[in-house]
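Report on one structure; see the data block that follows.
Just so we're clear, the structure is a prediction, and the values are computed from it rather than from any experiment.
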Amino acid sequence: MEWLVNIINNPAGPAYLAMAFALVIWAGVKLGRIKMGGIALGVTFVLFVGILVGHLYNTLVVIPHSQDPEFMASMLAQNKIINFVKELGLILFVYCIGLQVGPGFFATFKKGGVGMNVLSVCMVLLNVAVMLGLFFLWYYNSSLTHAENSYNLAMMVGVMYGAVTNTPGLGAANSVLPSLGEHFEGLEALPALGNGYACAYPLGVVGIIGATILLRYLCKISLQHETEQIEKEQDADPAAIPHHIYMRVTNKGIVGRTLKELNTFLKRDFVCSRCKVNEEMFIPNGDTVLEDGMKLLLVCAESDMEPVISLIGERINESWREEINKEEKYVSRRLVVTNPEVNGKTFNDLHFSTLFNVNVTRVTRNGVTMFASRGFRLQMGDRLLMTGTEENVNRVRKLVGDQVKHLEHPNVGMVFLGILIGVLVGQIPIPIPGVEVPVKLGLAGGPLVVAILIGAFGYKVGITSYTTTSANLMVREIGLALFLAGVGIQAGATFWDTVVNGGYHYVWMGFVITVVPIIIGGIIGRWKLKLNYFTLMGLIAGTYTDPPALAFSTQTAGNDAPAIGYTTVYPLAMFMRILVAQLTLLLVIPLL
C-alpha cells in the first residue's frame, strides 16, 4: 500500500487531484439523484461531497503534517491547481449556457418580456438588500476589526448565492476577492464564500419551491382557473404557429393576379404548397396566376387565417392527404440545415420558391414546429418541411446541407475561440465612480456575455455556435461538476468549524434571503403585471436560475407556461447575479 500512501502524501500530484475530483463528482452525482421530499439536488450535491472529502483530508492528513514545510508547500501548489480546474469548469458552464440562450435572448424583450425582466431584476436587487440588512443587523459590529467585518460580509455573500442557488454568481464573487486581499489582512475569505454557500443551499432549493406554493395561497389562486386561462391564450407567438387550410378562389377581384401580388397586397405571410385546376395538382410559385374556382392548399400563421380566407374566397372541407401521399411527381421532404452559409439567412434571402420551385411550409426547431414566414431566420439544426419535385428538392438539399452527421461533431475550435474572447472581455476593467477597484465581468461574466452575443449574432461574422443539445448539456454538466468539486474541496477544511461556531445562523438567514423577495416579487407580478400563476412560477425559477424549481413548476402546470417564464428572464437574471456579486463586495467592503 506504499504506492497509495505516496499518492496521498503528494497532494499537488496529478494522480491525487484526478482521483479526488473523480471521487467527489462520481459520489456527488450518484447521491444527488436521491429525492428528499420529492426534490433531488442533482449535480449540486457534488459540493457537499467535496466538503466532506475536504474536511476528512484536512483532519486526517493536513493537520498531522502541518509542521512539515515541504508538505505545506505542496498544499499551496495544490490550491493553485484546484483554482485552475475550478475556474475552467465555471467557464465551460456559463459559456454553454450563453450559447443555449443566445439565439432567443433579445427576443425576450418583446411583448410582455420587458415587464417580466424588470420584475426579475428587482427581485435580484431585493436578494441583495435582504442580505445586507441581515448582515448589518446580525453580524456587523463596530468593535470588530475591518478585516473581521469584511470576512463576515464575504460569508454572507456566499450565503446569498446559496440561498438563490446560483453557482456562476459564487464564481464571480470568488474572482473579485483577490483584488480586495488587503481588506482581509490574512483572513481566508475564499473558503468563507464556499462555506456560506453550502450552509444556505439546501434550504434555498426547498425555499424557492415552498415560497411559490405559499404565493398561491396568499393570492388565492385556483390552479384550474389558471389552466383554463392558459388554454384560452396562445402560449407561443401567434405568428409562429402554422396552420393549413384548403381554399377555393371565389373572389373575382383577385382572379388574374399572381400569388406574389396577392401576398404583397394582403401584407400577410402565407405559403401555397399545392394548387388544383380541373382536379390536376401542381406545385405553384410566386408567378402562378389565380383562376376562378382554383383550389389552393395554403399554410399560414394561425393568426393570419381569417384575413387570408376573407380575401381569397371560401374554405372547402376536404383533404388532399391521400392524393399527396400517392403522388409520384411531387414529394414532401424534411431537410436539416447543416450548411454554415445558410445559418442566419431568411427565406427571403434564399428564394426557394423562385429559384428552385420548392415551397417550405414549416420549420421545426428544438421540437417546436413554426410557420416558415418569409422573414424567418434559419439556424443550424433547423428541420425544413418542403414540397416540390424530387429533382428540385435535391437541389435545395445541396444548398441547406442536410448532413446530419456534421451536427454530431461540435465545432470545438469555435467554442474555444469564443471562450478566448470571453476571457479577454471579462478582464477589461470597467471604472465606476466611487468604487476604488474597477468592476470586471470576470471569468464568469465575460464568457457568458460573449456566448450570448455569438449565439444571437455569430452568423453575421461567420461563427457557427451550434452544438447538439446533448453535447451542450454534457459540457455544461462537466464544467459545473468541476467547479462545485473544487469549491467543496477547498471549503471543506474550514466548513465544520464554521457550522459549530455559529454557522447554523446562516441556514435560517439564507432561507429568509430566498423567501422574502419571492413573496414581494410574486405579489407584484400577480397583481400589477397580471401574470398567470404558471408563468409566474417559471419567472421565479428563472430569476433564481434554479432547474429543480422549473421542474416542479412544469409538473404542477402540465403545460409550457413555466418554461416560457423561465427562458424569458433567465439570461438577464444570470447576468445580474454575476454583476451584483462583484458590486456588493467592491462597494461595501471598503466602507466597513
Side-chain angles (χ1 to χ4, degrees), residues 7-8 10-32 41-58 61-62 74-97 154-155 157-158 161-162 165-178 188-201 419 423 426 442-448 474-496 498 577-578 581:
I7 292 176
I8 295 175
N10 184 20
Y16 168 81
L17 289 173
M19 289 172 57
F21 273 90
L23 172 63
V24 168
I25 294 172
W26 169 77
V29 171
K30 195 77 174 176
L31 294 172
L41 296 182
V43 71
T44 312
F45 208 91
V46 169
L47 173 70
F48 303 106
V49 176
I51 289 174
L52 176 62
V53 170
H55 172 70
L56 292 175
Y57 186 78
N58 183 70
V61 180
V62 176
S74 67
M75 285 298 299
L76 293 175
Q78 180 202 68
N79 277 327
K80 291 181 180 179
I81 297 173
I82 291 177
N83 283 333
F84 168 75
V85 174
K86 182 176 67 177
E87 299 298 344
L88 177 61
L90 180 64
I91 291 170
L92 293 174
F93 174 63
V94 298
Y95 189 80
C96 287
I97 287 177
M155 178 71 80
V157 169
Y161 279 95
T165 69
N166 184 267
T167 308
L170 177 67
N174 263 300
S175 67
V176 80
L177 280 180
E188 292 291 335
L190 286 175
L193 281 170
N195 288 334
Y197 182 93
C199 286
Y201 187 92
I419 289 176
V423 171
L443 294 177
L448 177 65
M474 178 75 170
V475 176
R476 194 169 71 195
E477 291 287 291
I478 288 175
L480 180 58
L482 289 173
F483 176 77
L484 291 174
V487 170
I489 291 171
Q490 288 182 324
T494 57
F495 179 75
W496 181 251
T498 300
R577 294 287 182 198
I578 290 170

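Contact record, Leu92 with Gly479: CB-CA, 4.2 Å, taken as the closest heavy-atom pair. When all heavy atoms of Pro447 and Ile91 are compared, the closest pair comes out as CG-CG2, 4.1 Å. Shortest non-hydrogen contact noted between Val475 and Cys96 is CG1-SG, 3.5 Å. Scanning both residues, Ala27 and Val49, for their nearest heavy atoms gives CB-CG1, 3.9 Å.
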Checklist entry - Going through the distances and angles, do Leu88 and Leu482 end up as a side chain to side chain contact (heavy atoms under 4.5 Å, CB included)? => result CA-CA 8 Å; Leu88 177 61; Leu482 289 173; 5.7 Å; no
Next on the checklist: Working note: Leu170 + Phe483, criterion side chain to side chain contact (heavy atoms under 4.5 Å, CB included); need CA distance, chi angles, decisive distance, verdict.
Outcome noted: CA-CA 10 Å; Leu170 177 67; Phe483 176 77; 4.3 Å; yes
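How far CG of Leu90 is from CD1 of Ile578: 7.5 Å, rounded to the nearest 0.5 Å. Between the CZ atom of Arg476 and the OH atom of Tyr95 there is a distance of 14.5 Å, given to the nearest 0.5 Å.
In this structure Leu56 satisfies the side chain to side chain contact (heavy atoms under 4.5 Å, CB included) test together with Leu52, sequence neighbours excluded. Considering only residues two or more places apart in sequence or on other chains, Ala485 meets the side chain to side chain contact (heavy atoms under 4.5 Å, CB included) condition with Phe21, Val24, Ile25, Val46.
With hydrogens and angles ignored, the 3.5 Å screen pairs a side-chain donor or acceptor of Tyr161 with a backbone N or O of Ala581.
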